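A short worksheet on the structure shown next.
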4 protein chains.
Amino acid sequence: MERRHGQVGRPRSEQARTAVLRAVDDQLLEVGYAAMTMKGIAERAGVSRQTVYRWWSTKAEILFEASAVDAEQELAVEPTGEPVDDLTAYVAALVDFLARSPAGAAYRALLGEAQHDPAVADLLATKDVLGDSARTVIEGVLGAGAGAGPVPVGEATALLIGPAFFWVLSGRDPARLAPRELAETFLRELRARGRH
Amino acid sequence: MERRHGQVGRPRSEQARTAVLRAVDDQLLEVGYAAMTMKGIAERAGVSRQTVYRWWSTKAEILFEASAVDAEQELAVEPTGEPVDDLTAYVAALVDFLARSPAGAAYRALLGEAQHDPAVADLLATKDVLGDSARTVIEGVLGAGAGAGPVPVGEATALLIGPAFFWVLSGRDPARLAPRELAETFLRELRARGRH
Amino acid sequence: MERRHGQVGRPRSEQARTAVLRAVDDQLLEVGYAAMTMKGIAERAGVSRQTVYRWWSTKAEILFEASAVDAEQELAVEPTGEPVDDLTAYVAALVDFLARSPAGAAYRALLGEAQHDPAVADLLATKDVLGDSARTVIEGVLGAGAGAGPVPVGEATALLIGPAFFWVLSGRDPARLAPRELAETFLRELRARGRH
Amino acid sequence: MERRHGQVGRPRSEQARTAVLRAVDDQLLEVGYAAMTMKGIAERAGVSRQTVYRWWSTKAEILFEASAVDAEQELAVEPTGEPVDDLTAYVAALVDFLARSPAGAAYRALLGEAQHDPAVADLLATKDVLGDSARTVIEGVLGAGAGAGPVPVGEATALLIGPAFFWVLSGRDPARLAPRELAETFLRELRARGRH
DNA sequence: GGCTAATCGAGACGGTACGTCACGTCTTACT
DNA sequence: AGTAAGACGTGACGTACCGTCTCGATTAGCC
């Protein structure tokens, strides 16, 4: 009776899985997060409602799985060796992501839900997309181990991301944001604190 | 047939209005924004559902009306004449508001909704609670007309609010935030830009 | 605040009620009891599912309400003064009802359900359609107060109804049943017992 | 490669078959016919759902196979040579079967289903459990070939079974039934008709 | 004091999505 | 070929809230 290796029963349909992830992306753009329903996703994916529920509990979970990979890619910047340029590129990528990318729309929707739904907050807490990307850039600029310096990485992250984050989420025009100035401001502050 | 002045018919019940606003506040704390329903609000207020719909279209509208005044009060700081102290007090008030106050919970819920619901975004755009309070403080520190200086007020606002805003909304622990350091950082940057 | 007389709220829609009762009758004939669903009834009636559930809990309840009146009418026979004729007419009506009438099909379906669903059994127990009609006929033949005679009415009822009831429910051909013989048998037995 | 006689491949598991039949009996008593499901039977039997479906189409089929043998046994009475006693014993057995025996509960459930499900009606028509047992008793009393007498066996069967059958299926209390009186009534009628 | 008109409560209405359940079929690996 | 396991599409279940509607009752200004 015992089964030692290999899976038992019919294997999960990879086709169904990707169809759902694609459907949730489409639905987000077409009808928006609020109007998105489990039923609608299933129908759009050509998959039964039961199958959706078998693998995901909420639309937030599906959206998270569907957008996490994209988010990481869109927030990665190649280091050039020049701190100001790297930081500027990152801030620009951040604004693009938050304000213009589909994956960013998903992220904003989830972060919005997280403000009043603890389950979604927990979900987002499993992967700090913004914080991770910012830390990577900051450490690339300062050298690894920068967190041991005068500014803890967590706080530095907030200084770097905060202004752009607030700008976009409060509904301000992303075109009126100057990534290079934010990058320079951040660098200036790092150096100022270093002098103490 | 036309009536030029004065309303005809039974006047709106002020009692019903305040009961609804109170109910929406209570419900937010008790069940949270997501689980809040028009039906629940009506029942909690001891008012018919029709009456709620007669005066508000969505729970967001009610919540906005119920929390706007509180928000303004909680974000106002008395000027002391000492820039660092004023800014520190403001940042502290901001964190308290966002992370600990009921009115702040309402604001975060609405801002969250706004990320995926244009109607709520429009609603929030009618009153820039955070921006206005920040501008008041900044102008108090620099003197009015500071916006004409080297840093536009809008951008300065983002620099001041951004880090704390991101910190709280991304689910980080508000206790680990140092308002005074953020205030000093902000002041340093203002002066640095002034030297150009 | 107190309301002394008259109904409160929107009154129940008589149109919806009759549409549902009619729909359940139609569905029984068209798709049969087993394939009948609350959803199907609602759609057929042009009524929302919620409205059906508001007034009835199960399809059995609806069917019972829809067929009870018909059943009573179909089982009523006019007394002629001649016992054998009255009893024969009744048995004939009983066979017609059970084997050929829509209301009888409803009754058989409900009685069938009642064999394995206590809720339906309770429902049927609220109105003994067959027993009542038989008692009326028997008392018409013997004179009221016949129950005080040698044969309790309950038992007499079983003697009169039983054979035809078994015949139809066990799937035998109703055409091969001779109502007059059953009526004569019943009368003979009544007299035989009277002689003891 | 070809195999000429005997079956090819793994033979049907007798263990699985009996486990299913036992499970369906258990389930009938524990949860009742209505709440009995193919899934539940399979799990209870420790057998895969597919295996159940391979050998039976519906729960009615399984139940029929599981209870038919028991039914026959419970309705068989040993002849004593005394007509009244034999008939009385039979009626008593019939009432016990219908009202108190697990196999009888299965029979009632199936007969109930048959009232609104033609497939079940066909199934039951393959074996006239009640009719056969009654015919055996009647022929034992009258001598074989009794059907050629004044009362066709089919009709006699209905006279003998009908009252008790109606009594139980219409939900009346089986304890208030007098088997001996029904047996005597039946005998009286047989003799009365014989005199014509 | 009667009339008109808008509000209020209650609650029924048609909708639509929810999350669950059982159905009967299928696709694996194993025996 | 039979079996256990379990995913699949299907479709009804009963519930919840949506926003609208129809009632009777209430409360004001106006004639």
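The shown structure was predicted, so the numbers you read here are calculated from the model rather than taken from an experiment. FYI, side chains are in, hydrogens and waters are out, and symmetry mates aren't considered; it's all heavy atoms of this structure. Below, read A as the first sequence line, B as the second, and so on, with proteins coming before strands; counting in each chain starts at 1.
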Looking at D:E65 and D:R17, is there a salt bridge between them, counting it only when a charged N and a carboxylate O are closer than 4.0 Å?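 Answer for the salt bridge query: yes.
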
Positions of residues 44-51 of chain D (non-hydrogen atom under 4.0 Å from DNA chain F), listed by number: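 Heavy-atom cutoff 4.0 Å gives D:G46, D:V47, D:S48, D:R49, D:T51.
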
For DNA chain F, the residues among residues 53-67 of chain A that have a non-hydrogen atom under 4.0 Å from it: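 Listed by number, they are A:R54, A:W55.
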
Specify the residues of residues 17-42 of chain A, ordered by number, for which at least one heavy atom lies under 4.0 angstrom from an atom of DNA chain E.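 Under 4.0 Å from DNA chain E: A:T37, A:M38, A:K39.
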
Does [X], at its [atom1] atom, have more than 12 non-hydrogen atoms belonging to other residues, nucleotides or ligands within less than 6.0 Å?
X	atom1	result
B:E30	CD	yes
A:R12	CZ	yes
B:R54	CZ	yes

[X] versus [Y]: any side-chain heavy-atom pair under 4.5 Å?
X	Y	answer
D:W56	D:V20	yes
B:H116	A:R108	no
D:T58	D:D117	no
D:I41	D:K59	yes

Does D:T37 offer a backbone N or O that forms a donor-acceptor pair with the side chain of D:Q27 under 3.5 Å?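 No, because the side chain of D:Q27 does not come within donor-acceptor range (under 3.5 Å) of the backbone of D:T37.
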
Counting N and O atoms only, with roles assigned by atom type, does the side chain of A:K127 sit under 3.5 Å from a partner on the main chain of A:A68, one being a donor and the other an acceptor?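 Not confirmed, A:K127 side chain does not pair with A:A68 backbone.
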
Indicate, yes or no, whether a donor-acceptor pair under 3.5 Å links the base of F:dC21 to the side chain of C:R10.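 Side chain to base: pair present.
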
Roughly how many Å is it from CD in A:E14 to P in F:dC8, rounded to a whole number?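 Atom-to-atom, A:E14 to F:dC8, this comes out as 11 Å.
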
A:Q15 CD to E:dT27 C1', straight-line distance once rounded to whole Å: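 So the CD-C1' distance, A:Q15 to E:dT27, works out to 14 Å.
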
